[in-house]
Chemist: 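Just passing along the structure, written as structure tokens.
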Protein chains: 2
Amino acid sequence: MSGATKDTEDTSDCWTVGQLAGDLGVTTRTLRFYEAEGLISPGRNGTSRVYDHRDRARMRLILRGKRFGMSLPEIREIVGMYDGAASSERRQLQTLLDRLGEITLDLQARQRDLAGTLTEVGDVADQCRRRLDELD
Amino acid sequence: MSGATKDTEDTSDCWTVGQLAGDLGVTTRTLRFYEAEGLISPGRNGTSRVYDHRDRARMRLILRGKRFGMSLPEIREIVGMYDGAASSERRQLQTLLDRLGEITLDLQARQRDLAGTLTEVGDVADQCRRRLDELD
DNA sequence: TGCGCGATTGACGTTTACGTCAACGTCAGG
DNA sequence: CCTGACGTTGACGTAAACGTCAATCGCGCA
């Protein structure tokens, strides 16, 4: 009797569409759509989709991309790289490395953008507080 | 003869749709669409739109919101606040201040999100480099 | 054995954020 | 005076990212 509930083998390290959708806060339609778009490729048990830890991690990557405002094609490129990272072809690894450098630069630019926005928002908040003080 | 070209009064501190669109890298359709959606309200010279520095700054705010993946309604709320910051009603200022706090929290969460992604991307890049080293 | 739950695949609808096109005004230059 | 560049307002089209609905299937169970 381990600590984890063990009803079916499903609960241990695999998920159905409904389970994973519920966990991630998306709908089953979304998961199927992403599969049709080539973003994930879960296994099958008969005709039913079976998602493992790798699929789950991939989905978290995808959702983070969405939070960053990326389009699905852009996201597909990024997550595809995690697969290519295990490659053994020098050319492919070098291309991937170059692309990762570009992505890093983009992310750093976003960081600066965010930082600037934060100070701006802080400035507006300061203005608000000053005006509130003046109203005494 | 001042240093600045002074063909019409237009060049000094105002812009037409076409000029501003060109400067900002969007289309005139986009500017008109944003106006119809209540995101900007440029002045008029006859029937023609006239954008001043305030409109320009507003547009940069809007475009930054887009880069952050915000929807136009969300952006409208944010940029609307910059107007409300000059308010003199205590209630309104307080509401605005509260909302700014929420926005700050959201932006900070995004910062952490971004930082995590950057280290992850760095890790994948390291893996690539190691594999490239092994190929000697 | 029949019920309900959750899964499947189409097919079509919807929203957002514009693009595109039509029809028209206006103003400077040749 | 005519042309061309740029402006205007609708109206309609479109791509992305799903939502929704229908018809069907397999599975556990009272």
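Order of the sequence lines sets the chain letters (A, B, ...), proteins ahead of strands, with each chain counted from 1.
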Chemist: Could you list all N or O pairs between the protein and nucleotides 23-25 of chain D that sit under 3.5 Å apart?
Modeler:
none

Chemist: Taking CG from B/N45 and C1' from C/dC27, how many angstroms apart are they, rounded to a whole number?
Modeler: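 It works out to 12 Å between those atoms.
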
Chemist: What's the spacing between B/Q111 CD and A/T117 OG1 if we round to 0.5 Å?
Modeler: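 B/Q111 CD to A/T117 OG1: 9.5 Å, rounded to 0.5 Å.
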
Chemist: Salt bridge check, B/E89 against A/R131: does any charged N sit closer than 4.0 Å to a carboxylate O?
Modeler: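 A salt bridge is absent here (no side-chain N lies under 4.0 Å from a carboxylate O).
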
Chemist: Just jot down the side-chain hydrogen bond (donor to acceptor under 3.5 Å, both in side chains) partners of A/E35, sequence neighbours excluded, or say none.
Modeler: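 A/E35: side-chain hydrogen bond (donor to acceptor under 3.5 Å, both in side chains) contacts with A/R44, A/R49.
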
Chemist: With a 4.0 Å cut-off, would you call B/R110 and B/D106 a salt bridge?
Modeler: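 Yes.
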
Chemist: Identify whether the distance between the nearest side-chain nitrogen and carboxylate oxygen of A/D52 and A/R58 falls below 4.0 Å.
Modeler: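 Answer for the salt bridge query: no.
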
Chemist: In chain order, what residues pass the side-chain hydrogen bond (donor to acceptor under 3.5 Å, both in side chains) check against A/D113, with sequence neighbours excluded?
Modeler: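 With neighbours one apart ignored, the set is B/R67.
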
Chemist: Partners of A/E77 by side-chain hydrogen bond (donor to acceptor under 3.5 Å, both in side chains), sequence neighbours excluded?
Modeler: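 With sequence neighbours excluded, A/E77 shows a side-chain hydrogen bond (donor to acceptor under 3.5 Å, both in side chains) to A/R99, given in chain and number order.
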
Chemist: Write down the distance between CG (A/L20) and P (C/dT8), rounded to a whole number of angstrom.
Modeler: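 In whole Å, C/dT8 P and A/L20 CG are 12 Å from each other.
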
Chemist: Applying side-chain hydrogen bond (donor to acceptor under 3.5 Å, both in side chains), can you list everything that pairs with A/D23, at least two apart in sequence or on another chain?
Modeler: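 For A/D23, the residues satisfying side-chain hydrogen bond (donor to acceptor under 3.5 Å, both in side chains) (neighbours in sequence not counted) are A/R56.
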
Chemist: List the protein contact pattern of nucleotides 7-21 of chain D with one symbol per nucleotide (5' to 3'): B for base contact, S for sugar-phosphate-only contact, - for none; contact means a heavy-atom distance under 4.0 Å.
Modeler: SBB-B-----BBBB-

